[in-house]
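Reviewing the structure listed below.
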Protein chains: 2
Amino acid sequence: QKDVYPSRKYSLPTYINRKDPVIYSTDLKAPLEEALLDQYEKKGFLFLDHLFEDHEIADMQKHMQCLRDSEVIKQREESITEVSSGDIRSVFDVHKLGGFFQKIAQDPRLVQIAEYLLGDRVYLHQTRLNYKPGFRGKEFYWHSDFETWHVEDGMPRMRALSMSITLTSNDHQNGPLLLIPGSHHTYVSCVGETPENNYFSSLKKQNVGVPDDASLQSLIEQHGIEAAVGQPGRITLFDCNVLHGSNGNITPAPRSNLFFVYNALSNRVGLPFGNTTPRPEYIAARKSIKAL
Amino acid sequence: QKDVYPSRKYSLPTYINRKDPVIYSTDLKAPLEEALLDQYEKKGFLFLDHLFEDHEIADMQKHMQCLRDSEVIKQREESITEVSSGDIRSVFDVHKLGGFFQKIAQDPRLVQIAEYLLGDRVYLHQTRLNYKPGFRGKEFYWHSDFETWHVEDGMPRMRALSMSITLTSNDHQNGPLLLIPGSHHTYVSCVGETPENNYFSSLKKQNVGVPDDASLQSLIEQHGIEAAVGQPGRITLFDCNVLHGSNGNITPAPRSNLFFVYNALSNRVGLPFGNTTPRPEYIAARKSIKAL
């Protein structure tokens, strides 16, 4: 398969123009208002409030707490814990735990939007529950998810999106998700080689597949930065190639979210374009692909 | 000398009520409006815009850049450089470089305010120029300056204040100074022992003399957090015991400021209350005390 988005291959960073649509469907019966679609096309992300009822959000928060406190969950290979405290940071494959989170990931209100934007039936490429602690929450550096999914997972084209449902209040001070509007139109081909088993460390701190300083400076000068602040239940829906990151968090307020990645069925992953060993199934669905 | 603000001495954190005034002068001829004085009394800090003219700020920015580029400055013991890049992070004792920065530190507009609030003649306890880089700017954890000045420098009472003149734009995203309004009324006696030569590392990352999680949580729940955002030239004036810190900064926008600590002449430092070797003169004036 031809690599139309090469990265980690050249000694200098290069820009590649996006070769794929942002919104794949063209029919008029969209599940989102036109203003929101315009915003998504232009910025590469949008915010949805009130898609879930208050009692649904409260349920998510309750189930999040249960998972967090569960010793069984902590022992799963798919749970990332902090070395020093042993606390859970991420629980991958939450949709495979059955019941509650599976139902949310398959919720028609979310799936219909994903199907419309991607113009195809969709499946879950990755799901997880994230806990970011207060006081000593670490930053996450700027990156495009697609860059990693392409190089390390073999996702061919930009035809995937993420939905992050926040379960906590996010303000400017507790390290909210920061996005560069419009950055999804450009693919920054990054410098650096991928070490084997890169995901062991990259899930905690990404060192390769991050854009160079000059590219970031230029994109941010051009487009600015927008922060995903808001109340529990707010959904941040973002294109697979929008650059995002977050600062650390010294405030006591933690940040938690439910994170679902929807990929078009026609865009399922092949061999990694970086020629590395494919990452585990819980990070990138390869065998367990099932249209929702 | 009796230690009225013991810290790093007990195995559990304790609160000690402030035993000193916040504003020492009581006469009516204040150099600040009453609303600002009220704010300072209640919150422990205030912001001053337009105290300097635009051309004065532009001059400060120019001189900052010169210092930053100077090899001579880089070689000074009083300059803190970054291990990896060799770039200057802080230049201490800028008022001793003669000329430009000395004049600003002694500017009557600043000194009169310091004298009024501290009810005494004042001297410079510490001065510095700070450069916080973009992209990989590190966080600075919550602390009270007074706690360190008391334990490590021997400053007897809460009768000092800081003025930070920002030389860059600060927004919510580039890791602005965060302050806990009202926290200056409480002294958090911290847990932990001071290592010898603690300042070598504490100027980069403070590990002792930081409040415990429960104290921070409680103070922030009670008082909230305020961010010192604003344009170049804005002065943040804050009491020596107000808790403050800052998140890291992954944005390209650096943060720089001029930082002056004024102490009351009657409050000059003695032997450190933590029984450690006094820190160097450029971090805490001991011999070179001169009323302004």
Side-chain angles (χ1 to χ4, degrees), chain A residues 13 84-85 87 132-144 169-181 183 188 190 205-207 210-230 243-255, chain B residues 13 84-85 87 132-144 169-181 183 188 190 205-207 210-230 243-255:
Chain A
S84 55
S85 64
D87 287 348
K132 295 219 176 180
F135 299 113
R136 279 158 287 273
K138 288 286 156 260
E139 78 279 2
F140 218 93
Y141 201 66
W142 302 107
H143 64 285
S144 145
S169 285
N170 303 316
D171 61 23
H172 285 292
Q173 285 148 17
N174 69 344
L177 181 69
L178 303 177
L179 306 116
I180 306 180
S183 58
V188 183
C190 304
K205 183 176 167 66
Q206 195 169 349
N207 289 314
V210 298
D212 57 294
D213 290 5
S215 298
L216 281 171
Q217 177 113 33
S218 149
L219 285 164
I220 291 171
E221 269 170 18
Q222 210 178 327
H223 301 296
I225 293 172
E226 208 168 311
V229 295
L243 287 171
H244 59 284
S246 61
N247 280 318
N249 174 22
I250 63 166
T251 81
R255 287 198 308 120
Chain B
S84 55
S85 65
D87 288 348
K132 295 220 176 178
F135 299 113
R136 280 158 287 272
K138 288 286 158 262
E139 78 278 1
F140 218 95
Y141 201 65
W142 300 108
H143 64 285
S144 146
S169 284
N170 303 317
D171 61 23
H172 285 292
Q173 285 147 19
N174 68 345
L177 180 69
L178 302 177
L179 307 116
I180 306 179
S183 58
V188 183
C190 303
K205 185 178 166 67
Q206 194 168 348
N207 289 315
V210 297
D212 57 295
D213 290 5
S215 297
L216 281 171
Q217 177 113 33
S218 148
L219 285 163
I220 290 172
E221 268 170 19
Q222 209 180 327
H223 301 296
I225 293 172
E226 208 167 314
V229 295
L243 286 171
H244 59 285
S246 61
N247 280 317
N249 174 21
I250 63 166
T251 82
R255 288 198 308 121

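As the structure is a prediction and not an experimental result, all values here were calculated from the model. Chain identifiers are assigned alphabetically (A, B, ...) following the order of the sequence lines, protein sequences preceding nucleic acid strands; residue numbering begins at 1 within each chain.
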* To do: Tell me, with the steps shown, if B:Leu178 and A:His172 meet side chain to side chain contact (heavy atoms under 4.5 Å, CB included).
  => CA-CA 11 Å; B:Leu178 302 177; A:His172 285 292; over 6 Å; no

* Output yes when a side-chain donor or acceptor of B:Asn247 lies under 3.5 Å from a complementary backbone atom of A:Asn174, and no otherwise. => no

* Under 4.5 Å heavy-atom distance to chain B, tell me which part of A:Ser246 shows up: side chain, backbone, both or neither. => backbone

* **Interface moiety of A:Gln173 toward chain B, non-hydrogen atoms closer than 4.5 Å** => both

* To do: Locate the shortest heavy-atom distance separating A:Phe135 from B:Tyr141; write the atom from each residue and the value.
  => O-CE1, 3.1 Å

* **Close contacts, residues 215-223 of chain A versus chain B, judged by heavy atoms under 4.5 Å** => A:Leu216, A:Gln217, A:Ile220

* Given the options A:Pro252, A:Gly175, A:Ala227, A:Ala253, which has more heavy-atom pairs under 4.5 Å with chain B than any of the others? -> A:Pro252

